Amino acid sequence: MTRLAICPGSFDPVTYGHLDIIQRGAKIFDHVIVTVFNNQSKDPLFTVEERIELLKACTSDLPNVTVDSSSSLLMDYAKSKNAQAVIRGLRAVSDFEYEMQITSMNRQLYADIETFFMMTNNQYSFLSSSIVKEVAKYRANVSDMVPNVVEEALARKFK
């Protein structure tokens with residue numbers, strides 16, 4: 001049986017923190033589907049299609065990682081893919097309370113899918129897509145926060 005995990009997020013844009021979690025998850029699971037979900041409470045900079053393309057470029061060296069998108073509930077999506085797990089990244093203790101609420105609801109919806117929390121590498125613990133967008137908006141250097149392809153895409157958006 002293939003151990004399949006979903007790594008969900010808005011990825012607007014993908015950061016080195018996201019990639020840290022994706023790469024480490026790919027070492028544990030046979031296959032990881034990085035899934036772009038469109039968070040209705042956020043005003044995205046990049047379209048879902050742009051985020052998919054950026055993620056594909058950033059994960060092209062990981063043969064057991066694919067990129068997808070969904071507008072359904074995470075648990076419905078995970079069931080449709082026959083996933084056994086969901087991978088969630090944590091930056092700090094402050095993330096845990098929010099993630100615990102989501103995980104509790106997901107378990108209520110479908111108890112057969114486990115959620116795995118991974119602490120991001122300390123060097124990326126301050127990173128969020130929102131911070132990256134704010135810094136890039138003022139044309140500051142984000143090369144230590146995002147891959148080159150993402151840095152270039154941010155520069156085009158804020159031109």
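Since we're looking at a predicted model, the values are computed, not measured.
Side-chain N or O atoms of Gln84 include one that pairs as donor or acceptor with a backbone N or O of Leu4 at under 3.5 Å. The backbone N or O of Arg91 lies less than 3.5 Å from a partner atom in the side chain of Asp95, making a donor-acceptor pair. Between the side chain of Thr15 and the backbone N or O of Met145 there is no donor-acceptor pair closer than 3.5 Å. Looking at Thr47, its side chain does come within 3.5 Å of a backbone N or O of Glu50 through a donor-acceptor pair. Judged by distance alone, with hydrogens and angles left aside, the side-chain atoms of Asn64 form a donor-acceptor pair with the main-chain N or O of Ala26 at under 3.5 Å. Counting only distance, with no hydrogens or angles, the side chain of Arg88 and the backbone of Met100 share no donor-acceptor pair below 3.5 Å. Remark: the backbone N or O of Thr120 is not paired with any side-chain donor or acceptor of Asp20 at under 3.5 angstrom.
For Phe116 and Phe29, the distance between ring centers is under 6.0 angstrom.
A distance of 7.0 Å separates CZ of Arg107 from OG1 of Thr115, quoted to the nearest 0.5 Å. How far CG of Asn106 is from CG of Leu73: 8.0 Å, rounded to the nearest 0.5 Å. A distance of 5.0 Å separates CD of Glu53 from NZ of Lys56, quoted to the nearest 0.5 Å. For the atom pair CG (Asp30) and OG1 (Thr2), the distance works out to 5.5 Å, reported to the nearest 0.5 Å. Taken to the nearest 0.5 Å, the CD1 atom of Ile52 stands 8.0 Å off from the CG atom of Leu55. Interatomic distance, OG of Ser60 versus CG of Leu62, reported as 8.0 Å (0.5 Å rounding).
Considering only heavy atoms from C-beta on, Asn38 comes within 4.5 Å of Pro44 through its side chain.
In Asp144, the CG atom is crowded: over 12 heavy atoms of neighbouring residues, nucleotides or ligands sit closer than 6.0 Å. Within a 6.0 Å sphere centred on CZ of Phe158, heavy atoms belonging to other residues, nucleotides or ligands number more than 12. The number of heavy atoms from other shown groups lying within 6.0 Å of NZ (Lys157) is above 12.
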Could you give me the CA-CA distance, side-chain angles and deciding distance for Asn141 and Glu151, then say whether side-chain contact (heavy atoms from CB on, under 4.5 Å) is met? CA-CA 9 Å; Asn141 183 359; Glu151 184 179 13; 3.9 Å; yes
Let me see the working for Phe11 and Leu54 under side-chain contact (heavy atoms from CB on, under 4.5 Å), right down to the final yes or no. CA-CA 9 Å; Phe11 304 106; Leu54 290 171; over 6 Å; no
Should Ser130 and Ser128 be marked as a side chain to side chain donor-acceptor pair (under 3.5 Å) after you check the CA-CA gap, both sets of side-chain angles, and the distance that decides it? CA-CA 5 Å; Ser130 299; Ser128 72; 4.6 Å; no
Met118 and Leu90: CA distance, side-chain angles, deciding distance, side-chain contact (heavy atoms from CB on, under 4.5 Å) verdict: CA-CA 6 Å; Met118 297 180 83; Leu90 297 175; over 6 Å; no
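Shortest non-hydrogen contact noted between Val132 and Val142 is O-CG1, 4.1 Å. Taking all atoms of both residues into account, the shortest heavy-atom contact from Arg51 to Val36 is NH1-CG1, 3.9 Å. Considering all non-hydrogen atoms of both residues, Cys58 and Val149 come closest at SG-CG1, 3.7 Å. A pairwise comparison of heavy atoms in Val32 and Ile87 identifies CG2-CD1, 4.2 Å as the closest pair. When all heavy atoms of Ser69 and Tyr77 are compared, the closest pair comes out as O-CE1, 4.2 Å. Minimum heavy-atom separation, Ile113 to Lys79: CD1-N, 3.9 Å.
Here Asp12 pairs with Lys133 in a salt bridge; the nearest charged N to carboxylate O distance falls below 4.0 Å. Using a 4.0 Å cut-off between charged nitrogen and carboxylate oxygen, Asp68 and Lys81 count as a salt-bridge pair.
Hydrophobic clustering (side-chain heavy atoms under 4.5 Å, transitive across Ile, Leu, Val, Met, Phe, Trp, Tyr) groups Ile28 together with Val34. Note on Met119: it clusters hydrophobically with Phe117, by side-chain heavy-atom contacts below 4.5 Å among ILVMFWY residues. Using a 4.5 Å cut-off between side-chain heavy atoms of Ile, Leu, Val, Met, Phe, Trp and Tyr, with links allowed through other members, Val67 and Ile6 fall into different hydrophobic clusters. Linking Ile, Leu, Val, Met, Phe, Trp and Tyr whenever their side-chain heavy atoms come within less than 4.5 Å puts Val48 and Leu154 in one cluster. Val146 and Leu19 fall within a single hydrophobic cluster, where Ile, Leu, Val, Met, Phe, Trp and Tyr are joined by side-chain heavy atoms under 4.5 Å apart, directly or via other members.
The aromatic rings of Tyr124 and Tyr16 sit tilted, their planes meeting at an angle between 30° and 60°.
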